[in-house]
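Structure, as structure tokens:
Quick note: residue numbers are just sequence positions, from 1. Both backbone and side-chain heavy atoms feed into the values below; hydrogens, waters and symmetry mates do not. Remember, predicted model here, so these are calculated numbers, not experimental data.
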Amino acid sequence: SGSSAAAPLPEEDCMKLNPSFLGIALSSLLAIDLWASKRLGVCAGEGSAWGSARPLMKVIEVSGHGIPWLLGTFYGLCQSDSSAAREVLLNLLFALLLDLVLVAVVKGVVKRRRPTHNKMDMFITVSVDRYSFPSGHATRAALVCRFILHHLVLAVPLRVLVVLWALIVGISRIMLGRHNVTDVLFGLLLGYALYSVVEYCWLSPLSAPALFALW
């Protein structure tokens, strides 16, 4: 009848009509992230705004790749004749391996696809590299930067260059279109925090005598 009250909406429809503030905030953040990432991907292809700088960005990409760092650290470990240097290099190798495993696990769990404007011509990729979150290059750059600043005696200009290198590696990931902005920001934070784990689990002749016996 005309006087009867309207039937209440089902609970699930009410939820759809009244999304939570958190849901709106996350959706807005995602939209801003995708928009900014596309606008900043100025080296994503040869025809992009800064396409001529793409070769330089790819050199920076290689400088933050895990394979050169692993091979270089292992070679230095084999060639070192100082027990103090071997301890530092062994822990750097441990840090790099831990970084690879952690980033692979997070990428496999989150499974965020790379930006649509990314050109898949990356240097040495594996299965999880088709995913974007977090940026392994950014994580590694932050981890290595903090490690070097704490364990190598460097002049101030060199320390500044190390920090700049880490930042440029992160920025290059966005400019090349490899990652979204949030991938890089989270990667930098993760790498910075990961160094604290390495320090807590620091390997020494006392804590890991079997490892040091190999060298």
Side-chain angles (χ1 to χ4, degrees), residues 26 29-30 33-34 37 57-58 60-78 86-115 118 120 122-152 162-204 207-208 210-212 214-215:
L26 289 176
L29 177 61
L30 178 61
D33 181 34
L34 296 176
S37 302
M57 291 294 106
K58 294 190 72 174
I60 297 172
E61 177 177 68
V62 174
S63 77
H65 197 281
I67 299 300
W69 276 101
L70 284 169
L71 292 178
T73 303
F74 185 75
Y75 177 79
L77 189 58
C78 293
R86 283 196 298 271
E87 182 175 339
V88 171
L89 288 169
L90 185 61
N91 280 277
L92 178 57
L93 184 63
F94 165 67
L96 293 170
L97 292 172
L98 182 62
D99 165 69
L100 285 176
V101 172
L102 182 59
V103 169
V105 169
V106 176
K107 282 186 174 183
V109 170
V110 178
K111 295 184 178 179
R112 184 184 193 184
R113 294 291 177 178
R114 290 189 181 271
N118 174 48
M120 289 299 290
M122 294 177 288
F123 173 73
I124 306 180
T125 58
V126 295
S127 59
V128 293
D129 284 333
R130 67 180 181 273
Y131 300 126
S132 177
F133 185 91
S135 166
H137 279 68
T139 304
R140 188 174 305 107
L143 171 64
V144 170
C145 174
R146 199 173 173 199
F147 191 100
I148 289 175
L149 293 180
H150 278 77
H151 294 286
L152 292 183
V162 170
V163 175
L164 287 177
W165 167 78
L167 294 176
I168 291 172
V169 167
I171 294 171
S172 72
R173 309 310 292 155
I174 303 170
M175 293 178 67
L176 279 169
R178 307 295 196 205
H179 292 279
N180 296 300
V181 175
T182 49
D183 301 334
V184 172
L185 291 178
F186 184 83
L188 291 172
L189 290 174
L190 181 62
Y192 187 88
L194 189 57
Y195 173 78
S196 299
V197 177
V198 175
E199 280 290 298
Y200 181 80
C201 303
W202 187 262
L203 304 174
S204 69
S207 61
L211 282 175
F212 285 87
L214 296 174
W215 310 102

Minimal non-hydrogen separation, Ile67 against His65, with atom names: N-ND1, 3.1 Å

Where Val184 and Ala138 come nearest, the two heavy atoms and their spacing: O-CB, 3.7 Å

Residue pair Pro115 / Gly177: nearest heavy atoms and the distance that separates them: CG-O, 3.5 Å

Arg112 side-chain N/O to Ser132 backbone N/O, donor-acceptor pair under 3.5 Å: no

Geometric class of the His150/Tyr195 ring pair [parallel <30°, tilted 30-60°, perpendicular >60°]: tilted

CZ (Phe94) with more than 12 external heavy atoms under 6.0 Å: yes

Test item: Leu100 and Leu70 side chains (from C-beta on) under 4.5 Å apart, heavy atoms: yes

Leu93 versus Thr73, closest heavy-atom pair with distance: N-CG2, 3.8 Å

Closest contact, heavy atoms only, Val169 versus Ser63: CG2-OG, 4.0 Å

With sequence neighbours excluded, residues passing salt bridge (charged side-chain N to carboxylate O under 4.0 Å, His left out) with Arg113: none

Asn91 side-chain N/O to Glu87 backbone N/O, donor-acceptor pair under 3.5 Å: yes

4.5 Å side-chain heavy-atom contact, Val163 and Leu149: yes

Selection residues 91-104 - residue pairs positive for salt bridge (Lys or Arg N to Asp or Glu O under 4.0 Å), sequence neighbours left out: Asp99-Arg140

Any donor-acceptor N or O pair under 3.5 Å, side chains His151, Glu199: yes

His137 vs Arg178 side-chain heavy atoms within contact, under 4.5 Å: no

Side chain to side chain contact (heavy atoms under 4.5 Å, CB included) between Val198 and Leu92, worked out: CA-CA 9 Å; Val198 175; Leu92 178 57; over 6 Å; no

Value rounded to 0.5 Å, distance of CG in Asn118 from OG in Ser37: 11.5 Å

Presence of salt bridge, Asp183 and Arg173, under 4.0 angstrom: no

Closest contact, heavy atoms only, Pro134 versus Leu190: CG-CD2, 4.1 Å

